[in-house]
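Chain A is the first sequence line, chain B the second, and so forth, proteins listed ahead of strands; every chain is numbered from 1.
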2 protein chains.
Amino acid sequence: MAVKKEQDASTEERILAAARIVFTRKGFAATKVRDIAAEADINLSLVNYYFRSKEKLFEVVMAEAVQKLVFEIATIFNDTQLGIPEKITRAVNYYIDLLLENPDFPLFLVNEIITGDDMFTRFAQQNTLFQSDLIRQLFAMKEEGKLSVHPVHVMMNVIGLVVMPFLARPILERNALVKDGEFVKLMNERRTLIPLWLKGMLG
Amino acid sequence: MAVKKEQDASTEERILAAARIVFTRKGFAATKVRDIAAEADINLSLVNYYFRSKEKLFEVVMAEAVQKLVFEIATIFNDTQLGIPEKITRAVNYYIDLLLENPDFPLFLVNEIITGDDMFTRFAQQNTLFQSDLIRQLFAMKEEGKLSVHPVHVMMNVIGLVVMPFLARPILERNALVKDGEFVKLMNERRTLIPLWLKGMLG
DNA sequence: GATAAAATTGAACAGTTGTTTAAAAAAGTT
DNA sequence: AACTTTTTTAAACAACTGTTCAATTTTATC
């Protein structure tokens, strides 16, 4: 008995896709299971049938997001073959790629840091960003006297310079400071600008 | 008849204070009116008695927050007496002061950009940050060929460098990268570092 | 094609949540 | 003190929300 799952993934995947959209747009608390069902155009009960609860479904979506946001970067930051500037350049490019495809990610994640019952924390715990080889390199550089500021400043700057524009995007576009399509152009400029700026900060 | 309000402000103010705490910590959707009543230690009905609805109460709290975050800065950015570096230095210091006192502000505001029904937008519309004298100065500098990048880059960098640490703070402290109390020290360092970094970017 | 398993549906449940109401208590006014 | 207004309270309402259940339909297996 029990034919393993994986027969008709279409419904399950549709729910997941809908959940991604609604959770990302409205956050966990403001999202109703009925919203997801409507977005997926399936019966309400199916959400609980495929995923056990709203919370479990959310965890899946959140895990995906964190995975995308953290794992690749962790690999780069932990590549002992790469120097600091190269690590930063690659990370910046990866993030800008990712965020151009998923512009709502930062808002979504930031939202859950407050709203959620530390769901974010649970996953971010595996977070190797902050105990990475890059951190080690920066601390070493600091001790050699070649870096004048606390390594954390550098980390905060990388993240801030990459992520903030996506957080501010709605406001920028609303105030017509950035016209349609221009945002993408600006972000592409930042691929080379941010590493340049950081080089200035390191020196 | 109708003795004007303002008699016993204590209850009203207690509700408001409680609302600030709970809304800021959990966001609009995740906050229950009963949470606020409990936090204020008053009867549930009084919330609707003094403020007409949860939404109206939230608007008050949000308006306060946006006011604090935008108005002072707008004044600085629009002071035609001040040069670019001086504007930036003052803005950075004001923001760091403000955010050290209200560390949850950024998370709160960012949260409402997605979750809220554009409540943030309504207020931020008065936003003179992005049509300020500083913007004008930067565009002028750009046209004179003394600024190589788009002025928006500069704006995004200022905000990003100041605000991001406060967004990342929970993660930084959780991962023990920043010890207790050290965060404040780092932010105070950034008062001088950020203007310095930005000078480098402008040149 | 008969049988079993899995998927889907509509309805209902139980708990929550924002809001209202009517009555009581407190404060203010004459 | 009598009376009015304002404030506070407890209870209830009505709508909403996550979840479950039983019945039905669809799909897979022999």
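- No side-chain donor-acceptor contact under 3.5 Å links B:Glu189 and A:His150.
- Rounded to whole Å, atom P of C:dT17 lies 17 Å from atom CZ of B:Phe58.
- Between A:Ile42 atom CD1 and C:dG10 atom P there is a gap of 12 Å when expressed in whole angstrom units.
- Contact check, B:Asn43 against D:dA10: a side-chain N or O comes under 4.0 Å of OP1 or OP2.
- A salt bridge links A:Glu86 with A:Arg90: at least one charged nitrogen is closer than 4.0 Å to a carboxylate oxygen.
- The side chain of A:Thr11 places an N or O atom within less than 4.0 Å of a non-bridging phosphate oxygen (OP1 or OP2) of C:dT8.
- If you measure from atom CD of B:Glu12 to atom C1' of D:dT8, you get 15 Å, rounded to the nearest angstrom.
- Looking at A:Arg191 and A:Asn188, their side chains do bring a donor and an acceptor atom within 3.5 Å of each other.
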Would you give a per-nucleotide map of nucleotides 12-22 of chain D, 5' to 3', where B means the base has a protein non-hydrogen atom under 4.0 Å away, S means only the sugar-phosphate does, and - means neither? B----BBBBB-

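- Surrounding NZ of A:Lys68 are at most 12 heavy atoms belonging to other residues, nucleotides or ligands under 6.0 Å away.
- Under the 4.5 Å side-chain criterion, counting only non-hydrogen atoms from C-beta, B:Ile36 is in contact with B:Phe23.
- Salt-bridge formation is detected for the pair A:Arg20/A:Glu13: a Lys NZ or Arg NE/NH1/NH2 atom is positioned less than 4.0 Å from an Asp or Glu carboxylate oxygen.
- Between B:Leu46 atom CG and D:dT8 atom C1' there is a gap of 6 Å when expressed in whole angstrom units.
- A distance-only check finds no donor-acceptor pair linking the side chain of A:Lys54 to the backbone of A:Lys32 [under 3.5 Å].
- Following rounding to the nearest Å, B:Leu57 (CG) and C:dT19 (P) show an atom-to-atom distance of 10 Å.
- Taking the six-membered ring for Trp and the full ring otherwise, the centers of A:Phe58 and A:Phe51 sit at least 6.0 Å from each other.
- Within residues 16-23 of chain B, no residue has any heavy atom under 4.0 Å from DNA chain D.
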